[in-house]
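Everything below concerns the one structure shown next.
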Amino acid sequence: MQALEGIRVVDLTTGVAGPHCTKLLADFGADVIKVEPPGGDPTRNVRPFAGDVPHPERGLLFLHLNTNKRSVTIDAETEDGLELLLGLIEQADVVVEDFDPGDAEELGFGYEQVSANRPELIYCSITPWGQNGPYVDLGFRASDIVLQGMGGPVAATGSPDREPLKLGGSLALMQAGLVGAWSVAMTLLRVEADGEGDHIDVSVHETQMGSRDRRTTSLTTYAYQGTPSSRRGGVAGLVLGGGAQPCLDGYVNITAIGPKIHQFVEMIGMGHLSGDERLMQPPLTLDPAFVEEISTAYLAWSMSRTKREALIEAQSYGMLSGVINTPEDLVNDPVFRGREVFEEIEHPVAGTFEYPSRPLLMGETPRQPASRAPLLGEHNAEVLTELLGVSAEDLPLLKGVGAI
């Protein structure tokens, strides 16, 4: 039995954040019913496409974010469609939605409306700014780069001589999806304990500002020292021997903290400096000529080695170090291969690809083989007849009036 087996989720989301949330729930056994408009989740048409052939069943982002789900098409703006959707929600333990605040209520399936007779229902809303506040009132729109810039580490990312840099991919949206899945799992425990569900309000903006791995440290530093995060130059700007360093075949990241700096200079052939007291000073207070001397020796050392050779040598000195992997490196990583991190899944339109599997292993609930992302409306008959009792004869009629 999987960890979330027996939990049914109605997924009303599109894009990245909501689908990532529900994907995580599906990966651990929840029955996730993805409700798409008749035209499909717009992410179906987002590049890149399998084989570089534009097609709503070949969008790689969609294929990744929607494994282990079932797809039904419902137009909730029609009377029949709304009735079908409300019927599905009645059968669900969890609803996840990403409509603009107020839109779900206007359409007839807001939290207060669908939970009036179901206090155990978990209703998770994932939106850029949350359900209320000045940005909501002003109708602000947002994308991943906007949300990273307003709530994330962009101010401290990149070269001090250039514009700030966004972190790669849809990091803000993916992290918000992770927070959403965690919050649903946490609320399921409360439902089990006392039967009380909740309306979970996930603001992508707040997941960035309050992230333990990023902004929280910067905000704490500013609160105590008044020093804002910024883009720094020099050798990583923070520690000698820190930051990405070029090698013969890529990059390595070595961090020599505290006393390890003395071993670092020995490693790069600057052993005569190993007892130099200046090594223990904050790098930003050092004479630039001294930093340049070490940087030049470090570059000569790294450029005479592959990144793996540099990694092994740095580790032998007891220094924090790691290679900077390319996508090809990650896919072929022997540790990932040994732990079966990637899984081959066949899709009838897109073809066969290797997908990242669920992000953790559970000893008592072994990972089950993943099912592919669904075709648009693939499970209309299965879900509507199984859960709502719609007859097979009525399905064409519902399609004819635009409800599905």
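Computation of the quantities below employed the complete heavy-atom set of this structure, encompassing side-chain atoms and omitting hydrogens, waters and symmetry-equivalent molecules.
In this structure, the side chain of Ser170 does not engage the main chain of Leu173 through any donor-acceptor pair within 3.5 Å. In terms of modelled atom types and a separation under 3.5 Å, the side chain of Ser321 and the main chain of Asn253 share no donor-acceptor contact. Side-chain atoms of Lys260 do not come within 3.5 Å of backbone N or O of Leu320 as any donor-acceptor pair. Looking at Arg190, its side chain never comes within 3.5 Å of a backbone N or O of Gly195 through a donor-acceptor pair. A distance-only check finds no donor-acceptor pair linking the side chain of Asp75 to the backbone of Ile404 [under 3.5 Å]. Under the 3.5 Å distance criterion, the side-chain polar atoms of Lys34 are left unmatched by any main-chain donor or acceptor of Thr14. In this structure a side-chain-to-backbone donor-acceptor pair under 3.5 Å is missing from Gln131 to Ser125. Between the side chain of Asn66 and the backbone N or O of Pro19, no donor-acceptor pair lies under 3.5 Å. A donor-acceptor pair under 3.5 Å is absent between the side-chain atoms of Asp100 and the main chain of Asp103, judged by distance alone. In this structure a side-chain-to-backbone donor-acceptor pair under 3.5 Å is present from Arg118 to Ile89.
Look at Asp11 and Lys23 and you find no salt bridge, because none of the NZ, NE, NH1 or NH2 atoms lies under 4.0 Å from a carboxylate O. Asp31 and Arg8 are joined by a salt bridge, as a carboxylate oxygen and a charged side-chain nitrogen come within less than 4.0 angstrom of each other. Remark: Arg367 does not engage Glu343 in a salt bridge, criterion side-chain N to carboxylate O under 4.0 Å. Note on Arg58 versus Asp52: no salt bridge recorded, every NZ/NE/NH1/NH2 to OD/OE distance being 4.0 Å or above.
Aromatic ring pairs are classed by plane angle as parallel below 30°, tilted from 30° to 60° and perpendicular above 60°; the pair Tyr298 and Phe264 is perpendicular. In this pair, His199 and Tyr111 present their aromatic rings parallel. The plane angle is below 30°, not in the 30 to 60° band.
Here Glu293 contributes atom CD and Asp287 contributes atom CG; the two are 10.0 Å apart, rounded to the nearest 0.5 Å. Here the CD-CD1 distance, from Glu196 to Ile122, works out to 11.0 Å after rounding to the nearest 0.5 Å. The line from OG of Ser302 to CD of Glu309 is 12.0 Å long, rounded to the nearest 0.5 Å. Summarising the geometry, atom CE belonging to Met267 is positioned 7.5 Å from atom OH belonging to Tyr317; distances are rounded to the nearest 0.5 Å.
Considering all non-hydrogen atoms of both residues, Gly180 and Val202 come closest at CA-CG2, 4.1 Å. For the pair Glu120 and Val191, the tightest heavy-atom approach, listed with the atom from each and the gap, is O-CG2, 3.7 Å. Closest approach of Pro38 and Leu376 over heavy atoms only: O-CD2, 3.5 Å. Heavy-atom minimum distance, Asp276 versus His262: O-CE1, 4.0 Å. Across Gly81 and Ala403, no two heavy atoms sit closer than the pair N-CB, 3.7 Å. Minimum heavy-atom separation, Asp329 to Asn325: CB-OD1, 3.3 Å.
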Side chain to side chain donor-acceptor pair (under 3.5 Å), that's the test. Do Glu36 and Ser71 meet it? Break it down for me.
CA-CA 7 Å; Glu36 302 186 63; Ser71 169; 2.8 Å; yes
Walk me through whether His205 and Tyr135 qualify under side chain to side chain contact (heavy atoms under 4.5 Å, CB included).
CA-CA 11 Å; His205 180 226; Tyr135 292 164; 4.3 Å; yes
Hey, mind stepping through Ile294 and Leu279 against side chain to side chain contact (heavy atoms under 4.5 Å, CB included) and telling me if it holds?
CA-CA 10 Å; Ile294 295 174; Leu279 294 173; 3.8 Å; yes
Pair Leu88, Val72 - check side chain to side chain contact (heavy atoms under 4.5 Å, CB included), show working.
CA-CA 10 Å; Leu88 284 181; Val72 298; 4.2 Å; yes
Yes or no on side chain to side chain contact (heavy atoms under 4.5 Å, CB included) for Phe109 and Leu12, after CA distance, side-chain angles and deciding distance?
CA-CA 11 Å; Phe109 51 89; Leu12 304 178; 3.9 Å; yes
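A heavy-atom distance below 4.5 Å is not found between the side chains of Leu84 and Asp80. Counting heavy atoms from C-beta on, the side chains of Met174 and Leu178 never come closer than 4.5 Å. The shortest distance between side-chain heavy atoms of Met319 and Thr255 does not fall below 4.5 Å. Put simply, the side chain of Cys21 does not reach to within 4.5 Å of the side chain of Thr13, judged on heavy atoms. Under the 4.5 Å side-chain criterion, counting only non-hydrogen atoms from C-beta, Leu299 is in contact with Gln245.
Put simply, the residue from Glu346, Glu57, Glu378 that forms a salt bridge (charged side-chain N to carboxylate O under 4.0 Å, His left out) with Arg372 is Glu378.
The number of heavy atoms from other shown groups lying within 6.0 Å of OH (Tyr251) does not exceed 12. The local environment of CZ in Arg337 is crowded, with over 12 non-hydrogen atoms from other residues, nucleotides or ligands closer than 6.0 Å. The number of heavy atoms from other shown groups lying within 6.0 Å of CD (Glu313) is above 12. More than 12 heavy-atom neighbours from other residues, nucleotides or ligands sit within 6.0 angstrom of CG on Asp194. Heavy atoms from other residues, nucleotides or ligands lying under 6.0 Å from CD of Glu266 number more than 12.
Listed by chain and residue number, Lys166 satisfy the salt bridge (charged side-chain N to carboxylate O under 4.0 Å, His left out) test with Asp144 (two or more places apart in sequence, or in another chain).
Asp41 and Thr43 are linked by a side-chain donor-acceptor pair at a separation below 3.5 angstrom, with hydrogens and angles left out of the test. For the residue pair Glu105 / Gln113, no side-chain donor-acceptor distance below 3.5 Å is found, with atom types taken as modelled.
For residues 25-76, no pair satisfies ring pair (Phe, Tyr, Trp, His ring centres under 6.0 Å), with sequence neighbours left out.
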